[in-house]
Amino acid sequence: MSPHATGRRRVHRSVAAGVPLAVLAALVAAAPAQGAAPEAAHVTRTATLGDIPLGTFSNTLLPGTVDDDRGVDLGGIGSDLYPAGRKGEFWTVTDRGPNGQIKIDGKKRRTFPVPGFDPAIVKIRVSGDTVEVLDAIPVTTSSGKPVTGLSNQEGRDEAPYTYDARTRLAYDPNGLDTEGVVRAADGSFWLVDEYGPSLVHVSARGRVLTRYVPQGLNLTGTDYPVVEALPSVLLHRKINRGFEGLAQLPCGDLVMAVQSPLSLPDTAAGEASRTTRLLRFSPKKKAVTAEYAYRFDPVGVVDPGEDDTSELKISSVVAVGGDRLLVEERTDKAARLQLVRLGRDADILGGAYDDDTTSPSLEQLDDPAAAGVPVLGKRLVVDLGTVDGVPGKIEGIARVDHDTLALINDNDFGMTDGAGAFDAQGRLVDSGVETTVTYVRLPRGI
């Protein structure tokens with residue numbers, strides 16, 4: 001029985017009625033009427049996570065972790081979604097916990113309202129219009145202590161502050177901003193993190209076995225092994241835009257997506273670029289074995305009305321057989337899923353663009369393909385921005401079957417930015433955005 005069934009909880013009604021299986025089967029089998037419009041992608045099911053106090057959740061896993069949750073409920077589990085084997089069950093992962101930004105003296109400060117929060121791997125079940133928590137595994141250090149979600153390194157990561165941005169918190173080299181999860185055949189987990197960025201191998205019970213980071217990161221003081229096994233060019237990741245997507249290929253290899261273009265040679269170049277990178281990692285070799293250039297569509301294509309290229313992100317990658325992946329290009333308001341194949345001829349690992357002195361950098365090229373870079377080819381599978389009932393900020397995607405995808409959004413623990421995120425008593429002013437799992441049927445499948 002889940003230890004998280006008690007506490008503040010509201011009953012949420014589905015925003016999209018489920019489609020009975022018999023009716024769905026009949027629709028699939030029936031031939032379209034002559035002259036009828038082709039069937040479009042559509043939502044078939046929506047389920048919502050009820051309210052579980054964050055303090056209750058955290059202290060059940062690791063007693064004494066959270067002394068004051070400031071009225072925050074469990075959220076943020078929408079960082080990824082991975083099938084757990086049984087129908088309707090998935091593994092998810094929280095991000096680093098409730099966090100926001102407040103301006104003090106004209107400068108933004110990163111706030112951690114619940115600094116004791118420990119990232120967790122959460123097993124859920126979609127049951128009717130409800131998302132149930134079945135199990136949760138805290139991510140801990142080698143000695144069993146919380147890793148926390150706090151920033152790692154002064155001068156590289158944002159300084160952490162209390163909920164009101166007035167008091168500085170200590171950096172934590174163990175801290176992880178977890179964003180992706182897959183489960184290996186041996187029951188262990190692989191996670192990706194935005195700080196390093198890093199790839200993290202975690203035992204079935206949540207203990208960090210190894211954290212793989214870029215060469216030259218020089219992360220010290222951790223209570224778990226750190227191995228510099230990733231290309232040093234990743235040291236140029238944009239703040240809060242490290243690894244976000246993670247996929248496990250049928251052969252067992254892992255694919256990590258850098259959320260946004262690297263800041264090469266500087267921030268301005270990264271903000272203007274539409275070229276990011278995917279990396280392939282072999283757990284057997286414990287090494288990166290390939291790297292690929294991925295080109296975003298123009299931001300106005302992904303999200304009509306948006307004109308800021310820096311809003312483009314990859315938040316999810318999903319293995320769909322062989323060396324094929326679904327890649328989610330998104331802004332906070334819209335998302336499109338592209339199908340790519342990781343061919344050997346597209347590998348750029350160890351080439352000129354892994355050298356941060358190369359000029360122009362990969363990120364500066366207006367047309368990488370014209371410059372001889374083997375950019376991954378892609379094919380649009382679905383524009384989620386055109387599907388009624390899909391919420392914003394989709395960060396996790398799982399394949400349910402040939403025709404159906406499950407999507408999960410990141411509700412940011414109900415937080416918003418700015419001084420108004422908390423009331424005068426220091427309690428959360430909830431955004432009202434809920435964690436939702438949404439099933440979408442694709443008429444042509446994958």
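- Counting only distance, with no hydrogens or angles, the side chain of Asp118 and the backbone of Thr148 share a donor-acceptor pair below 3.5 Å.
- Counted within 6.0 Å of NZ on Lys123, heavy atoms from surrounding residues, nucleotides or ligands total more than 12; the atom is thus considered enclosed.
- By the 4.5 Å heavy-atom criterion applied to side chains, Pro197 and Val192 are not counted as neighbours.
- Between the side chains of Thr275 and Glu363, no donor N or O sits under 3.5 Å from an acceptor N or O.
- Residues Ile397 and Leu81 have side chains not in contact (no heavy-atom distance under 4.5 Å, counting atoms from C-beta outward).
- Heavy atoms only, all atoms of each residue included: Glu329 and Arg295 are closest at OE2-O, 3.9 Å.
- By the 4.5 Å heavy-atom criterion applied to side chains, Asp356 and Pro265 are not counted as neighbours.
- Nearest approach of Thr331 to Val302, heavy atoms of both residues: N-CG1, 4.4 Å.
- Under the 3.5 Å distance criterion, the side-chain polar atoms of Asn152 are matched with a main-chain donor or acceptor of Gly175.
- Judged by distance alone, with hydrogens and angles left aside, the side-chain atoms of Ser431 form a donor-acceptor pair with the main-chain N or O of Val433 at under 3.5 Å.
- No hydrogens or angles considered: a donor-acceptor pair under 3.5 Å links the side chains of Arg211 and Ser198.
- The salt bridge (charged side-chain N to carboxylate O under 4.0 Å, His left out) test with Lys313 is passed by exactly one of Asp308, Asp332, Asp303: Asp332.
- Salt bridge status for Asp401 with Lys87: absent, with no side-chain N to carboxylate O gap under 4.0 Å.
- Side-chain contact between Val227 and Val213: absent, with no pair of heavy atoms (C-beta onward) separated by less than 4.5 Å.
- Of the N and O atoms on the side chains of Arg330 and Ser315, at least one donor lies less than 3.5 Å from an acceptor on the other residue.
- Of all the heavy atoms in Ala290 and Asp347, the pair that sits closest is CA-OD1, 3.4 Å.
- Within a 6.0 Å sphere centred on NZ of Lys145, other residues, nucleotides and ligands contribute 12 heavy atoms or fewer.
- In this structure, a donor-acceptor pair under 3.5 Å is present between the side chains of Tyr195 and Arg96.
- Of the possible polar contacts, one joining the Asn409 side chain to the Thr436 backbone as a donor-acceptor pair under 3.5 Å is found.
- Two rings, from Phe189 and Tyr82, have their centers 6.0 Å or more apart.
- Phe281 places a side-chain heavy atom less than 4.5 Å from the side chain of Leu199.
- In this structure the side chain of Leu246 never reaches within 4.5 angstrom of the side chain of Leu191, judged on heavy atoms.
- The heavy-atom pair separating Val440 from Ala41 by the smallest distance is CG1-CB, 4.3 Å.
- Contact check on Asp383 versus Arg336 returns a salt bridge, with a Lys/Arg side-chain nitrogen under 4.0 Å from an Asp/Glu carboxylate oxygen.
- Between the side chain of Glu154 and the main chain of Ala159, no donor-acceptor pair closer than 3.5 Å is present.
- Not one N or O on the side chain of Asp417 forms a donor-acceptor pair closer than 3.5 Å with the backbone of Gly100.
- When side chains are defined from C-beta on, Leu150 does not count as touching Tyr171, because their heavy atoms never get closer than 4.5 Å.
- Ionic pairing of Glu291 and Arg277 is present here: one or more N-O contacts between side-chain nitrogen and carboxylate oxygen are shorter than 4.0 angstrom.
- Residue Asp367 places its CG atom among more than 12 non-hydrogen atoms of other residues, nucleotides or ligands, all under 6.0 Å distant.
- In this view, His236 satisfies the ring pair (Phe, Tyr, Trp, His ring centres under 6.0 Å) rule with no residue, not counting sequence neighbours.
- A donor-acceptor pair is defined here as one N or O able to donate and one able to accept, closer than 3.5 Å; no such pair exists between the side chain of Asp253 and the backbone of Leu249.
- Counting heavy atoms from C-beta outward, Leu235 and Leu217 have side chains that approach closer than 4.5 Å.
- Asn174 contributes a side-chain N or O that, together with a main-chain N or O of Asp223, makes up a donor-acceptor pair within less than 3.5 Å.
- The two residues Pro250 and Gly322 make their nearest non-hydrogen contact at CD-O, 3.3 Å.
- Glu179 places no side-chain N or O within 3.5 Å of a backbone atom of Gly242 that could act as its donor or acceptor partner.
- Shortest non-hydrogen contact noted between Pro119 and Thr178 is CB-OG1, 3.6 Å.
- Of the residues Thr65, Leu54, Leu428, the one that meets the side-chain contact (heavy atoms from CB on, under 4.5 Å) test with Val114 is Leu54.
- Ionic pairing of Asp412 and Lys393 is present here: one or more N-O contacts between side-chain nitrogen and carboxylate oxygen are shorter than 4.0 angstrom.
- The main-chain N or O of Val122 is found under 3.5 Å from a side-chain atom of Thr92 such that the two form a donor-acceptor pair.
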Determine whether Arg125 and Asp135 satisfy the following criterion, salt bridge (Lys or Arg N to Asp or Glu O under 4.0 Å), listing intermediate values before the conclusion.
CA-CA 10 Å; Arg125 177 170 59 207; Asp135 194 11; over 6 Å; no
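- A side-chain donor from one of Asn240 and Glu158 sits under 3.5 Å from a side-chain acceptor of the other.
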ask   = Step by step, would you call Phe112 with Phe117 a ring-ring contact (aromatic ring centres under 6.0 Å, His included)?
value = CA-CA 9 Å; Phe112 290 81; Phe117 174 77; over 10 Å; no
